Each structure stands twice: as C-alpha cells, then as structure tokens.
Amino acid sequence: MVIIMNPDATRENIENVVEVIENAGLEAKVMEGTQQKIVGVIGDKTKLGQTPFGAMDGVEKSVEISKSYKLASREFHPKSTVVDVDGVKIGDGNFVVMAGPCAVESREQLFEAADIAKKGGAQMLRGGAYKPRTSPYSFQGLGEEGLKYLAEAKERTGLKIVTEVTEVETVEQVAYYSDLLQIGARNMQNFRLLKEAGRCNKPIMLKRGISATLNEWLNAAEYIMNEGNQNVILCERGIRTYETYTRNTLDLSAVPAVKHLSHLPIVIDPSHGTGKWRMVKPMAFAAVASGCDGLIMEMHPNPAKALSDGAQSLTPENYLSLMDGVKKIHSFLEDEGLLLKTV
Ligand code: PEP
Ligand code: MN
C-alpha cells in the first residue's frame, strides 16, 4: 500500500501518517519527489485494519498494491489448483464438460438428458432443483425431489452432479445429493451463502455475478476459501453490458485474466453467456481455444417444451455435434502444443 500526499502536505502531515504506520508495527518509507510526496507501507498491511488514511490531513489517497484476496491469488499460490469432483479432475489440463437441462422438470426428462449428455462425452450432468428465477411466477424448480432425480441419474450414468444452491438452509441438503455445488450469478455476493459453502465438504462452482468485476469475483471466492474450502471452480457466464441482442456479453477475456490472477480453474457457460442456442456452439469452440478448463452448457431433450431457458438450450442433435467439434479442437490444440500449460 502507498499513501499519496497532497502536493502541499506539511512535514507534520507526513509524520502523522508515518506514526500510524509504525504504531501498527510496520515500516514506513517516505519518498519525496519534486512534485509528489508518497509514503510506502512495508509489511503485512492487514495489521492496519481499516485505517482511513484518506481522512487524514495532507493525504490525497491510499492505493492498494497487493491484492485483497490472498487465498485465491496466484501471487501467493503459484501452482494451479486441480479440483477433484468425485474423481473428475478439473484444472489439470483435461477438458471437462457439464451438460444438462437448466432445470430438472421430471424424472423422465432428466434421465433422457443424462443419457444424451453421457453419449456426447460429458463427464458431469447439470440441472437445477432450486431455480433463482427473475420472476416469482416462473417455474421455481422441484426442490428436494429434483435432487433425488439427479442422484438417481448419477447411479444410472456415472455422471457427476452439479446443481445450484440458493439458500444457506439448503447447503447441507444439496451437498448430500450432489458432487459440485453451484453458486449462481445472482448470489455471487451473498456472503452468508458463500461462507456456508466454505464450510461444506463438497467443491463449489462460483459463477461470476451479473455485473461483477474480476476483483469482486475473486474476493467472493476468497470468502469461500477463507472458511476452509479450497475447492473452488470459477465460471464465467456473461456479464451485463449495453448490448441487448444477447442475454449477456460473454467475457472470454476473463479466462486468460483469471489464469494470470488466480490458481483456480475456470469454466465457461456459453448458454447463459449468450442466451441464444445458435451462439452456443461458436462460443464453446472459442472457449476451448481461450484455455479454459471446461464448459457448462444447457441441453434439453425438447427445448421448445423447456420450463426454463429453452431458447438457449441445445437440442440433443446440436449438443452431439458441438461435442464432436469441441473434442477435435481440444485434441488439435493439445497436439500442436497450443493449450495453456498448467503451472
Ligand atoms: C443456471 O445455471 O441455470 C443459472 C441460473 O445460471 P446463472 O446463475 O449464471 O444465471
Ligand atoms: Mn438456466
């Protein structure tokens, strides 16, 4: 952290700042140029707590140099994290696909989707039992009944289960039936939920908030990790911009950025990222080339009849053709040595 002083700051102003820093057991380094005077803080700045330097006489502002998230940061943990989802490893260079309907609607619908997901080569089945819908009148999910169908679908296919948890009260229940707990975009900064997820013994997939910066997203991951759960997978699912043609703007640049800033694996959701099934395949292909660790996509046996997100859901046929392309692109990039190497 550095404290930038006003050009007209007095010697006394600077000494006061130095005193606060030294009283916290840290070292202060005063640098005086012809125009600017700054005070550098050396040491663990958490010892300073929330000291409001900006309120002190002669101070222009304080600027953070190191990241506020530590556990999620690559700076403090250079080696990439590999998350083990009941035997499926994410972040070790393999490409992991999670596919299935937006919502679990019935046993038949889910089993049909699961069989197709498996046929295409996905390793995980997605499906929401608790649905955070924009409108309270939309289908809200089957709740525990849906979770039971997911667990049955796992027994039937061997696919690992990823499903969303929306409330602190159901974390334990969702963890009981599934292998990977999804925290959705709308709950990215639900700090009580993040902390509860951090205390559960299953890995967490944390989706990027609808308008979240990378810094806010990684700090949200920090909340989970700070409670003891280091098994966090990030999911870029598009952010809100001024564009209205697509449901969201898929920020594929988040992949190299997150890989640089953090050691956590990152997957791409081209379904919510675009809101249009036609755009899912090209974005999935681009996601593979971006160096991400996998995809999560919506696929429905009959999208026209889907109770949620039908417009962005792939038909079985489109899903199978997409998976064929994803596998080819991934092995081509791998063979040519073009995939980002895991550190
Ligand atoms: C979902 O995965 O169905 C979902 C609601 O996603 P998001 O939180 O990204 O909107
Ligand atoms: Mn959805």
Side-chain angles (χ1 to χ4, degrees), residues 96-105 109-110 113 117 122 124-136 138-143 146-147 149-150 160-167 170 174 178-190 193-194 197 203-212 214 216-217 220-221 224 232-241 246-252 254 258 266-277 279-280 283-284 287 292 294-315 319:
V96 175
V97 175
M98 314 173 196
C102 177
V104 180
E105 297 168 7
Q109 171 249 17
L110 186 68
M124 299 185 62
L125 175 67
R126 65 147 290 149
Y130 292 102
K131 294 304 304 172
R133 304 305 300 280
T134 301
S135 161
S138 301
F139 176 60
Q140 302 287 311
L142 296 180
L147 294 174
Y149 298 156
L150 284 164
K160 314 302 175 194
I161 302 301
V162 52
T163 193
E164 181 161 357
V165 61
T166 54
E167 285 169 331
T170 46
V174 175
S178 67
D179 303 301
L180 175 64
L181 274 68
Q182 169 175 327
I183 293 192
R186 291 157 191 81
N187 275 314
M188 190 206 81
Q189 282 188 321
N190 180 339
L193 184 60
L194 296 175
I204 309 296
M205 183 175 76
L206 178 65
K207 290 189 129 189
R208 183 177 181 179
I210 289 164
S211 307
L214 298 180
E216 287 161 343
W217 189 16
I224 300 171
V232 179
I233 299 164
L234 299 164
C235 174
E236 159 64 36
R237 47 75 75 204
I239 46 173
R240 182 158 292 177
T241 66
T246 42
R247 179 176 180 180
N248 292 294
T249 298
L250 184 64
D251 180 13
L252 280 182
V258 160
I266 174 169
V267 299
I268 292 290
D269 176 349
S271 308
H272 295 86
T274 60
K276 292 182 182 330
W277 69 265
M279 298 181 72
V280 172
M283 289 299 96
C292 68
L295 293 167
I296 178 162
M297 293 176 299
E298 290 184 342
M299 174 268 288
H300 193 285
N302 185 355
K305 293 254 166 67
L307 297 182
S308 77
D309 287 350
Q312 66 192 33
S313 298
L314 298 164
T315 59
Y319 162 74

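Just follow the structure's listing: the first ligand is 1, and inside any ligand the first atom is 1. Position 1 is the first residue of the sequence; numbering continues from there. Quick caveat: nothing in here was measured; it's all calculated off a predicted structure.
Atom 5 (C) of ligand 1 has its closest protein heavy atom at Glu164 OE1, 3.7 Å. Of the protein's heavy atoms, His272 NE2, 3.4 Å lies nearest to atom 4 (C) of ligand 1. Counting only heavy atoms of the protein, atom 9 (O) of ligand 1 lies nearest to Arg237 NE, 2.6 Å. The protein heavy atom nearest to atom 8 (O) of ligand 1 is Ala185 N, 2.7 Å.
Distance alone, capped at 3.5 Å, is enough to place a donor-acceptor pair between the Gln109 side chain and the Ala103 backbone. Side-chain atoms of Asn248 never come within 3.5 Å of backbone atoms of Leu250 as a donor-acceptor pair (strictly under, hydrogens ignored). Side-chain N or O atoms of Ser271 include one that pairs as donor or acceptor with a backbone N or O of Glu298 at under 3.5 Å. A distance-only check finds no donor-acceptor pair linking the side chain of Ser178 to the backbone of Val162 [under 3.5 Å]. Looking at Arg126, its side chain never comes within 3.5 Å of a backbone N or O of Thr163 through a donor-acceptor pair. Gln140 places no side-chain N or O within donor-acceptor distance of the main-chain N or O of Leu142, the cut-off being under 3.5 Å. Arg208 contributes no side-chain N or O that, together with a main-chain N or O of Leu234, makes up a donor-acceptor pair within less than 3.5 Å.
Annotation: side chain of Leu206 is in contact with side chain of Leu194 (closest heavy-atom distance under 4.5 Å).
The ligand atoms of ligand 1 that sit less than 4.0 angstrom from a heavy atom of Glu298 are 3 (O). Short contacts between ligand 1 and Arg126, defined as distances under 4.0 Å to a heavy atom of the residue, involve ligand atoms 1 (C), 2 (O), 3 (O). Below 4.0 Å from some heavy atom of Gln182 lie the following atoms of ligand 1, by number and element: 1 (C), 2 (O), 4 (C), 6 (O). Distances below 4.0 Å separate heavy atoms of Gly184 from the following atoms of ligand 1: 8 (O).
In Asp309, the N, O or S atom that comes nearest to the Mn ion (ligand 2) is OD2.
For a threshold of 3.5 Å applied to N or O pairs, the pair formed by Cys102 and ligand 1 contains no separation below that value. For ligand 1, the polar-atom distance check against Lys131 finds a nitrogen or oxygen pair separated by under 3.5 Å.
Rounding to 10 degrees, one finds that the Mn ion (ligand 2) sits at the corner of an angle of 90° between Glu298 OE2 and His272 NE2.
Selection from Lys207, Arg133, Arg186, Met205 by nearest heavy atom to atom 6 (O) of ligand 1 gives Lys207.
Side-chain contact, His272 with Asp309: a donor N or O sits under 3.5 Å from an acceptor N or O.
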